[in-house]
Amino acid sequence: MSEKLDIPKTLKDWDGDFGAYMEAKEDKLRVQFRKEFESRKTLSVFAGVTIWVDGETSPSREELRKLVGLGGGNFETYFSRHLVTHIVAENLSASKIKELKKYRLHSICVVRPQWVVDSFVNKKIQPVARYLIPGMLDDHQKQLLFANKELKSSSMETGMVYGSSAGKAEYHRRTASRSTSENPNFVRDFFAQSRLHFIGSFRARYEKILARMIAEEGTLCKLPYDRCKAHERIVFHVDMDCFFAAVSVAKTPGLRNQPIAVCHARQNSEIVDSSCEISSANYEARAFGIHAGMFVGEARKLAPSLVTVPYDFEAYEKTSELIYRKFLEYAERVEAVSVDEAYLEMTGIQLPLKIRDKEICDIEDLAKELRVDIETVSGCTASIGIGSNKTLARIATKKAKPNGQFTIWSYEAIEKLSLLPVGELPGVGWITRRRLNSMNIFTCQQLRELSLETLEKEFGKQTALSLFETCRGKDNRPLDLYRPPKSIGAEVNWGVRFENNLQGLEKCKKFIMDIVEVVCERLKAADAKATKLSYKVLRKQKDAPPPKKYLGCGLVDEFSKSTSLPSSDSVMEIGPRCLTLHESLNVPLDDLRGVGIHCFGLEFSSHYRQRNNDITLSKYFQIDKNPQQLRIDSCLRIGRVFSKQDNMRKDKYHERVKDAPVSRNSEGYSHSLDELITKNGWSPEVFVQLPNELQQELLKDIQSSNQKPFRENSSSLSSSFRCCKRSRSKRNKENRTLLQPTLTQLDDIYQAKNQGLSQLVVAEEFQSRSIRECLEILQDVEHAKKPKIDIPCEYSNMMNSVRQEQEIWYRTLHNLMKDPFIELSKYVRTWIKQIEPFQPDLRRQHQEALFASIRHEIEKGHLYQVQGFMRLLGSIAIEYEDNWVSCMVAEIEEWIQSVMHKTYDGAVLKLD
DNA sequence: ATCCTCCCCTAC
DNA sequence: TAAGGTAGGGGAGGAT
């Protein structure tokens, strides 16, 4: 631990005065150096070379500095892994050699001073081979030498933006290390490839998919429904069989009847012990004992013949749309659960009916028909659970799999569930199962023998109630057709590795900001602004063994902190706050294993409301025109609102709506609803016509006036209203207490020039609230409103400068984040596929066009993500091996390097 | 008594 | 190599 004393422990440690001071000092030295040699520079031998002299040398440090300056190179007084291309040293001690060896990894040559002298005298960069330090040479260094020699002196000239040498790029490509510390495009790459991200973000995408389908085809449901004539509730739970695997098999018939597993690992990978996780295995593979979540290495041991198939997210999405189309043809009400799974409300279906001249007499036939339909359109099989409610349908599906169907009606639930293991119940995960098992509870029958009180003691009130009801097959939840999100977030807990030094710190901050940017994009896509922010980290447990999974987070502890925000969806607002929260969590850089950012208290813009109410969607979300039916629906839905806090009412509701015929129940309930409404002086007829959300809102108001408060989150709509109100009043309070910055305080902020992230953190740390409040006041002034306090003239001038500086910095950051190479990276594969079939000369034309746009962006100063783009090109070239693509890639790479070199100086200035 | 924060658990 | 996300509900315990 003593050797770590000089290493920063948290962001905070380095973001104080010391870091800023050093940077300023280094800048000054560089400017001095450039000025000194600008006019006297006679040669360009050292173009692109940056040396750092370690210890005593002969010729002296001063002389070496001069030679390099005159030769057009750069000289660093303090070592930086990013900037330095050559370390100049001699007579190194063993410990020093050990220390310097680690820089080999970054392709920094360690040479004797004579190399500088000889290169200068010969007016040409000398091969470094003859100038290496004895003891520093090993296989890797030799390899590096070879690479350098091959690339001749040009390798020495590559700019720092691209890495310290072409050898370095070569090295990166070979190792293809993909952690946060190696890949500047990590966050985007990660999300593009993450299966869990794909699964988890389905609901956020669903509304758009649905809108498109409805826009294309209008009302989709083709079956006759009459919910008034319904005698019982019928719910389908449709679930595709090993969806990801099935989609691949459908696309590639050669895979049929083979054991396949969907994962990232390549089929011919020589890695025997692959820690790549299987996300879906077909039944042929399952016969070997292979299952989702298993590592490929393990699976290959079980079945050497296993075929691994890469992910095809696009195909999953397309197939999903096809099957959802079918769902919507069969049912008016569909609750999307995931990409391959949905609930269909079949209550009120009028049987018998005809589908394509086929007589369908009972519900079983209908389910069969739906399964056949699904297989026809998608090539994949589905299983259907039929039940009197969601829970029963869901349990039935498990019994139906694969490619079958199963029915559980409420009257037979007790009997059919008796021997079901508790772990099979929805809502019972492995923790609850373990706890139940330890209480000697293994089956539903045993669980039913426990009283509600016993369960409450063990699991808490709500969890106990849901266990109590689920094991009896009771469930009154209506289908959730669509609900606006209550939170939006993003997290990355894989590949997070940072070195505990200044570079690591900068990369970490960039990483956090990358995630913030993703979150903000998602907020914007949902037309939401957040009023609350929660920041989460994973920290490596003390003495945790290396994770079994490659670049996994291993054994970690989780910490989170939250804060309130002025309603916002901007990187500029949320980013700095995340950095502040990050600091307050005090995680040593090299222990950080994951970061999550979640926004709550969402406020949706009016645009969103309009969109949500537009004709096509509202047609779907409010399909019922018959008031009688509307009443049923409002009851079902109100049930959900009531159920959480008010148990008495819930019981009442249960009694009424339970498993008996819907129409009778609903009438009974509507009656009391009517009473409730008329008591408040509203007309029930009018109430029934109102949009559902408004009904809920009103009902809640009645409730609160009856002194029966509800939890806020029981309705997202009202909770956003309330959050909005609350945060505003809070802000006003803050205004009163905080908006009195002293002149010294403002001066301090001004002094902490906001040119970079680290400085911003200082400013945040210092006076974050003052800055924000200042900006708010200035906004008021700008909009010709009377500011909330009187600002003396000198204050407002001062604040103006602060604001200007902030804005400059924000804009720089923004540009950085909006780097077009991120976009380009996304499309380059598609682009290649598109032009692949063209004749060579036509391809040439497209290539030229790409060159032109790359040049254009580089000239505009978009350089930050070029590295990532180049690396992507590298990996594409490897995939394509020896055809035109790799030639083209080589050409682009070479070309980018030359362009980069030309604009290098300008770029660095811009980025600084 | 109620709210808020920081977790935990679950589902896909 | 590999891509361990997203979102909702709920509980314990402290703050108000």
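Only heavy atoms go into these numbers, but all of them, side chains included; no hydrogens, no water, no symmetry mates. Labels below follow one simple rule: chain letters A, B, ... track the order of the sequence lines, proteins then strands, and each chain is numbered from 1.
- Contacts of Phe191(A) with the nucleic acid, taken as non-hydrogen atoms under 4.0 Å apart, involve only primed sugar atoms and P, OP1 or OP2.
- If you take OH of Tyr311(A) and P of dG5(C), they are 12 Å apart, rounded to a whole angstrom.
- Residue Phe600(A) contributes atom CZ, which lies 13 Å from atom C1' of dG10(C) at whole-angstrom precision.
- Contact between the side-chain N/O atoms of Ser562(A) and the OP1/OP2 oxygens of dC4(B) is not found at any separation under 4.0 Å.
- Under a 3.5 Å cut-off, the side chain of Asp312(A) and the backbone N or O of Ala315(A) do form a donor-acceptor pair.
- Asp239(A) contributes no side-chain N or O that, together with a main-chain N or O of Glu341(A), makes up a donor-acceptor pair within less than 3.5 Å.
- Contact annotation: Gln462(A) reaches the phosphate of dG10(C) (side-chain N/O to OP1 or OP2, under 4.0 Å).
- In terms of phosphate contacts, His197(A) brings a side-chain nitrogen or oxygen within less than 4.0 Å of OP1 or OP2 of dT6(C).
- Arg522(A) has a side-chain polar atom (N or O) that falls below the 4.0 Å cut-off from OP1 or OP2 of dT6(C).
- Summarising the geometry, the separation between CD1 on Ile597(A) and C1' on dC6(B) is reported as 17 Å, rounded to the nearest angstrom.
- Ion pairing of Lys507(A) with Glu499(A) is absent here, as no side-chain N (NZ or NE/NH1/NH2) approaches a carboxylate O to less than 4.0 Å.
- Residue Arg497(A) contributes atom CZ, which lies 14 Å from atom P of dG4(C) at whole-angstrom precision.
- For Ser320(A) against Val339(A), the heavy-atom pair with the smallest separation is OG-O, 3.0 Å.
- Between Gly489(A) and Trp494(A), the one whose closest nucleotide on DNA chain C sits nearer the 5' end is Trp494(A).
- Each of Glu456(A) and Arg195(A) was assigned the nucleotide of DNA chain C with the nearest heavy atom; the assignment lying further toward the 5' end belongs to Arg195(A).
- The nucleotide whose nearest atom lies closest to any side-chain atom of Glu491(A) is, among dT6(C), dA3(C), dA2(C), dT6(C).
- Among dT1(C), dG4(C), dT5(B), the nucleotide with an atom closest to any side-chain atom of Tyr550(A) is dT1(C).
- Contact annotation for Ala490(A): backbone-only contact, meaning every heavy-atom pair under 4.0 Å involves sugar-phosphate atoms and none involves a base.
- Contact annotation for Gly552(A): base contact, defined as any heavy-atom pair under 4.0 Å involving a base atom.
- Among the heavy atoms of the strands lying under 4.0 Å from Cys553(A) is at least one base atom, whether or not backbone atoms are also near.
- One finds no side-chain N or O of Ser487(A) lying less than 4.0 angstrom from the OP1 or OP2 phosphate oxygen of dT6(C).
- Phosphate proximity of dT5(B) to Ser534(A): absent, as no side-chain N or O sits under 4.0 Å from OP1 or OP2.
- Ring pair Phe236(A)/Tyr343(A): centre-to-centre distance not below 6.0 Å.
- One atom, CZ of Phe459(A), and another, C1' of dA12(C), lie 16 Å apart when rounded to the nearest Å.
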Report, as a single string ordered 5' to 3', how protein heavy atoms within less than 4.0 Å touch nucleotides 7-12 of chain B: B base, S sugar-phosphate only, - not at all. S-SSSB
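- A donor atom on one side chain and an acceptor atom on the other are not found under 3.5 Å apart for Ser487(A) and His598(A).
- For the pair Arg195(A) and Phe198(A), the NZ or CZ position fails the cation-pi test of under 6.0 Å to the six-membered ring centre and within 45 degrees of the ring normal.
- No more than 12 heavy atoms of other residues, nucleotides or ligands lie within 6.0 Å of NZ in Lys561(A), so this atom counts as exposed by the packing criterion.
- Note: CD (Glu469(A)) to C1' (dG10(C)) measures 16 Å, nearest angstrom.
- Distances shorter than 4.0 Å separate none of the side-chain N or O atoms of Ser275(A) from OP1 or OP2 on dT1(C).
- One finds a side-chain N or O of Arg483(A) lying less than 4.0 angstrom from the OP1 or OP2 phosphate oxygen of dG9(C).
- Under 4.0 angstrom from either OP1 or OP2 of dG4(C) there lies no side-chain N or O belonging to Lys548(A).
- A salt bridge links Asp241(A) to Lys401(A): at least one charged side-chain nitrogen sits closer than 4.0 Å to a carboxylate oxygen.
- Within the 4.0 angstrom heavy-atom criterion, only backbone atoms of the sugar-phosphate kind lie near Ala265(A); the bases stay farther away.
- His598(A) places its NE2 atom 8 Å from the C1' atom of dA7(C), with the value rounded to the nearest Å.
- Rounded to whole Å, the distance from CZ on Phe511(A) to P on dA3(C) is 16 Å.
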